[in-house]
Amino acid sequence: MPMYEKFTGRHRDDFATLEDLERNYKLTVPGNFNFVFDCLDVMAAETPDALALLWISGEGEEKRFSYEDIRRLSVKAANFFLAQGMRRGDMVMLTMSRDWRYWPVLMGLHRMGAVAVPATIQLTKKDIEYRMNAASIKMLLTTPRFGVVQAMEEALPECPTVEKLAVFGGGTPNERWIDFDAELERAPETPVERGNLKSDMMLMAFSSGTTGYPKMVWHDYTYPLGHVITGCFWHRCEEGGLHFTISDTGWLKSLWGKMYSQWLAGSAVFTYDFDRFSAPDILEKLEKYRVTTFCAPPTMYRFLIQEDLKKYDLSALRHCATAGEALNPEVYKVWLAGTGLKLFEGFGQTETTLSCWTGYPWMQPRLGSMGLPSPGYRMIIADEDGSEVAPGVTGEICIRTDEAGGGKPFGMFSGYYRDEEMTRRIWHDDLYHTGDTAYRDEIGFLWYIGRTDDVIKSSGYRIGPFEVESVMLEHPAVTECAVTGVPDPQRGFAVKATVVLSQGFQGSALLTKELQDYVKKNTAPYKYPRIVEYVDALPKTVNGKIRRSEIRAKDMEKAKS
């Protein structure tokens, strides 16, 4: 019996219809829940030798870990942190890329009660200073790769709360740094007692907003169970299977697809510790290791479909999913033609788990749609007053959290750390405002429009960036595209496309006309970009999301001059 059944009371295939799933899906959570004690330790006792993690280095080195291996190493990791003076509630920042140590380290922190703060390896000195001071980070654990240690060394003089520094996988840079590998080896396997309440802070993540400094989003100990839907239902992870989600551990997306719910479904996790993404390389790994379920953002699928998919034996693949941005219909069609597999979309935020999805056999995806609200999430499309709008009308995606309807969904965040004002501003009157806009169609499917500050109002029309970007990305000349609004005296705002061209193409008036006509032909003509700018690269956040706000800001400055 897969582990998740102990909390849901039913196997996923026992749900006969969507209505059955929505009405009867329930989670029963122990009063003092901790994933390590209530799940990992149980799995290690019941199936000690079952594969939990298959890790491949960029050079091809393989490491395999059973549930018992992860349990034992997590006990040692917990004792390591305790020996360094870390205690319940202390903040420990982890910049570990895709290293195998992340799994026992995170479990060790959960076990002894310190707060895990994942962070990307791409952080600069300024980024590190902000994060360490904003969260009062007490300890750092990092990889020696990618220049992370150097950036931290530069930032440390301005970070007075940091007491301990540890690095793994190589020599320590100076006497201030602890050799994690050596200390982990020496750490005892003495049992660590459960010391948390399920309402305690377990995890804190920095969100990548379009404006301002990142917000500090914190989750309590029930967060892992919020992902039962993610791995067991949406990813369709199988007992004895192997799941591959492409994500750096610096982002919560890695916890969607690299740990909690995959193990709850009885599936091992596959992780590939590459430095640079290569589509042929990923396809080779899918083939060689017989990956059964796979999840990647649409951007990566766009690169994968440029390869000859028929050259690879992907017959082990049973189910594929995508999230992170809206899915372009062309990507869906080419992947389906090349593999025979549909792509099932999911939507969520750092603040939530999977809140909208397609993924069940009887939930056929509607191309371009986000899908339906996940069980446990009561989503509405609301106007500026928080009132639900009619089908077909664009509004903000909001989540109800009133107690009468079941309260806060499992896995939803508990607030913004040290920012009660921001928490109250976006979460009030039992309604959480996501800041994303969409409309609901006549059968309940949601269709993404964009962020509330990304929607372009032009000549009375509301134009979502994705609608235009999706069409332009189908043109062979366009590799990447960001659509924004620029001030226009007649229209209020005009649509602008900032374009990175594919190899072999050059920007010209002729190509601009061709792209404009292409958009007019393939979507409503009023959406076409009246301005097209060609650039070498688009501005992005550290996790790769396009910063449309930066493009808008530059255009606003130009308009003033």
Cation-pi geometry met for Arg98 and Phe274 (6.0 Å, 45°)
yes
Report yes if the side chains of His235 and Leu354 come closer than 4.5 Å at any heavy-atom pair, otherwise no.
no
Taking C-beta and beyond as the side chain, do Leu203 and Pro118 meet within less than 4.5 Å on heavy atoms?
yes
Find the distance between CG (Asn24) and OG1 (Thr8) and round it off to the nearest 0.5 Å.
11.5 Å
Pairwise distance OH(Tyr377) to CZ(Phe347) - rounded to 0.5 angstrom
10.5 Å
Quick check with a 6.0 Å cut-off and a 45 degree axis cone: is Arg101 positioned over the face of Phe180's six-membered ring?
no
Over all atoms of both residues, closest heavy-atom pair of Leu431 and Arg400:
CD1-CG, 3.8 Å
Less than 3.5 Å apart, any donor N or O on the side chain of Thr271 or Lys258 sitting next to an acceptor on the other?
yes
Side-chain H-bond candidate by donor/acceptor type, Thr353 with His227, under 3.5 Å
no
Just one of Tyr223, Trp427, Trp218 clears the ring pair (Phe, Tyr, Trp, His ring centres under 6.0 Å) bar with Phe413, so which one?
Trp427
How long is the span from the CG atom in Asp429 to the CZ atom in Arg424, to the nearest 0.5 Å?
12.5 Å
Does a donor on one side chain and an acceptor on the other come within less than 3.5 Å for Asp248 and Gln122?
no
Between Val389 and Ala382, what is the shortest heavy-atom contact and its length?
CG1-C, 4.0 Å
Shortest non-hydrogen contact from Met86 toward Leu82
O-CD2, 3.6 Å
So do the side chains of His433 and His428 get within less than 4.5 Å of each other, counting heavy atoms only?
yes
Do Met3 and Trp263 have side-chain heavy atoms sitting under 4.5 Å apart?
no
Stepwise, does the side-chain hydrogen bond (donor to acceptor under 3.5 Å, both in side chains) test hold for His243 with Thr293?
CA-CA 5 Å; His243 179 79; Thr293 51; 2.8 Å; yes
Sequence-distant partners of Glu62, salt bridge (Lys or Arg N to Asp or Glu O under 4.0 Å), two or more places apart
Arg64
Do Leu123 and Arg131 come within less than 4.5 Å of each other through their side chains, counting heavy atoms only?
yes
ring-ring contact (aromatic ring centres under 6.0 Å, His included) for Phe410 and Phe7? Distances and angles first, verdict last.
CA-CA 12 Å; Phe410 282 106; Phe7 302 100; 10.0 Å; no
Could you measure the distance from the CG atom of Asp419 to the CD atom of Glu421? Nearest 0.5 Å is fine.
6.5 Å
Fit a plane to each ring of Trp357 and Phe233, take the angle between them on a 0 to 90° scale, and name the class: parallel (under 30°), tilted (30 to 60°) or perpendicular (over 60°).
perpendicular
Should Cys320 and Tyr301 be marked as a side chain to side chain contact (heavy atoms under 4.5 Å, CB included) after you check the CA-CA gap, both sets of side-chain angles, and the distance that decides it?
CA-CA 11 Å; Cys320 297; Tyr301 278 110; 3.7 Å; yes
Stepwise ring-ring contact (aromatic ring centres under 6.0 Å, His included) check, Phe65 with Trp103:
CA-CA 10 Å; Phe65 299 88; Trp103 281 257; 8.9 Å; no
Arg88 side chain to Gly195 backbone, donor-acceptor under 3.5 Å
yes
Do the rings of His110 and Tyr221 sit parallel, tilted or perpendicular, given the 30° and 60° boundaries?
perpendicular
Please report the C-alpha distance between Leu94 and Thr249 in whole Å, then the side-chain angles of each, then the deciding distance to 0.1 Å, and finally whether the side chain to side chain contact (heavy atoms under 4.5 Å, CB included) criterion is met.
CA-CA 9 Å; Leu94 309 173; Thr249 61; over 6 Å; no
Distance from Trp256 atom CH2 to Cys295 atom SG, nearest 0.5 Å?
8.5 Å
Minimum heavy-atom separation for Leu264 and Pro224, please, with both atom names.
CD1-O, 4.5 Å
Are any of the side-chain heavy atoms of Ile282 and Phe294 separated by less than 4.5 Å?
yes
Could you walk me through whether Asp275 and Phe146 pass the side chain to side chain contact (heavy atoms under 4.5 Å, CB included) check?
CA-CA 9 Å; Asp275 288 349; Phe146 312 108; 3.3 Å; yes
For Leu51 against Tyr67, the heavy-atom pair lying closest together:
O-CE1, 4.0 Å
Distance-only, no hydrogens or angles: does the Asn79 side chain make a donor-acceptor pair with backbone N or O of Thr190 under 3.5 Å?
yes
Electrostatic pair Arg378:Asp430 at N-O distance under 4.0 angstrom
no
Check whether any side-chain N or O of Lys76 sits under 3.5 Å from a backbone N or O of Ala187 as a donor-acceptor pair, and report yes or no.
yes
Check this for me: does any side-chain nitrogen of one of Asp99 and Arg145 sit under 4.0 Å from a carboxylate oxygen of the other?
no
Without hydrogens or angle criteria, can the side chains of Tyr416 and Ser207 be said to hold a donor-acceptor pair below 3.5 Å?
no
Parallel, tilted or perpendicular, as decided by the 30° and 60° cut-offs, for the rings of Tyr289 and Phe270
tilted
Exam field: side chain Thr322 to backbone Ala296, donor-acceptor pair closer than 3.5 Å
yes
For Ala134 versus Met216, what's the shortest heavy-atom pair and its separation?
O-CE, 3.4 Å
Check against side chain to side chain contact (heavy atoms under 4.5 Å, CB included), Met96 and Leu141:
CA-CA 7 Å; Met96 303 181 71; Leu141 175 58; 4.1 Å; yes
Roughly how far apart are Asn34 CG and Met112 CE, rounded to 0.5 Å?
11.5 Å
Testing the 3.5 Å rule here: is there a donor-acceptor pair between the side chains of Tyr448 and Glu345?
no
Check: Arg111 and Leu40 side chains under 4.5 Å, non-hydrogen atoms
yes
Mark yes when over 12 heavy atoms from residues, nucleotides or ligands other than Arg23 sit less than 6.0 Å from its CZ; otherwise mark no.
no
Can you tell me if Thr222 and Asp220 form a side-chain donor-acceptor pair at under 3.5 Å?
yes
Between Arg10 and Asp20, does at least one N-O distance fall below 4.0 Å, as a salt bridge requires?
yes
Between the side chains of Thr95 and Thr142, does any donor sit under 3.5 Å from an acceptor?
yes
Would you say the side chain of Glu22 lies within less than 4.5 Å of the side chain of Pro373, judging by non-hydrogen atoms?
no
Return the set of residues passing salt bridge (Lys or Arg N to Asp or Glu O under 4.0 Å) with Glu46 (not counting sequence neighbours), or none when no residue passes.
Lys6
